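Reckoned from all heavy atoms, side chains included, excluding hydrogens, waters and symmetry mates. Since the model is a prediction, treat every value here as computed from it, not as a measurement.
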Amino acid sequence: QVHLVESGGGLVQAGGSLRLSCTASGRTSGDYTMGWFRQAPGKERKFVAGLSRTRNSRYYAQSVKGRFTISEDNTKNTLYLQMDSLKPEDTAVYYCAQSFLVLSTSSPSDFRSWGQGTQVTVSS
């Protein structure tokens, strides 16, 4: 079982940037797909960005495409989410997750390990 810990959330003005980090410990080996999700109050958890190691691909929700960038540093077992041009509607708790699959997927049910989340608040 892998243990995931997110950090980097906070309060930022619209148009600003934040970089989220997700550090993995435990069983970190393997090529399982990694992803970022977010959940606003009273709403369901939604896919934000994914990274498929086997296909060397990065993919994004339409709402964040061109503004967010997912990346990883394998030497640090850390996944990142660079968020630029932030909007108030990006306000949510952000979670990183590891899938039990190696292909590109955006369904929360395909992810088995989750971090505790980090709050991102964008003021207008």
> Who passes salt bridge (Lys or Arg N to Asp or Glu O under 4.0 Å) against D110, sequence neighbours left out?
Replying inline: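 By the salt bridge (Lys or Arg N to Asp or Glu O under 4.0 Å) rule, D110 matches no residue at all.
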>> List the residues meeting salt bridge (Lys or Arg N to Asp or Glu O under 4.0 Å) with E72, not counting sequence neighbours, and say none if there are none.
In response: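 Result, salt bridge (Lys or Arg N to Asp or Glu O under 4.0 Å) vs E72: R53.
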> Taking ILVMFWY side chains as joined if any heavy atoms are under 4.5 angstrom apart, and letting links pass through other members, which residues group with L103?
Replying inline: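 F100, L101, listed by chain and number.
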>> Checking one residue: F47. Which other hydrophobic residues are in its cluster under the side-chain 4.5 Å linking rule?
In response: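 Same cluster as F47: F37, Y59, V93, Y95, F111, W114.
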I'd like to check [X] versus [Y] (side-chain heavy atoms, cut-off strictly below 4.5 Å). Are they in contact?
X	Y	answer
D90	F68	yes
T91	E89	no
E6	Q116	yes

Closest contact, heavy atoms only, [X] versus [Y]:
X	Y	value
T105	S99	CG2-OG, 4.0 Å
A92	Q119	O-NE2, 3.5 Å
S52	V102	OG-O, 3.2 Å

Rounded to the nearest 0.5 Å, how far does [atom2] of [Y] lie from [atom1] of [X]?
X	Y	atom1	atom2	value
L81	T118	CG	OG1	11.0 Å
K46	S63	NZ	OG	8.0 Å
M34	L51	CE	CG	8.5 Å
H3	S25	NE2	OG	5.0 Å

Residues which pass side-chain contact (heavy atoms from CB on, under 4.5 Å) with [X], listed by chain and number, not counting sequence neighbours:
X	result
K76	D73, T78, Y80
S113	Q1, V2, L4, Q98
V120	L18, L20, M83, Y94, V122
Q82	S17, R19, T69, D84

Which residues pass the side chain to side chain donor-acceptor pair (under 3.5 Å) test with [X], sequence neighbours left out?
X	value
S85	none
S109	S107
S71	none

> Hey, is the main chain of I70 close enough, under 3.5 Å, to the side chain of R58 for a donor-acceptor pair?
Replying inline: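 Answer holds: yes.
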>> Once disulfide bond (SG atoms under 2.5 Å apart) is applied, what residue pairs with a partner in residues 85-124 remain, sequence neighbours excluded?
In response: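 Listed by first then second residue: C22-C96.
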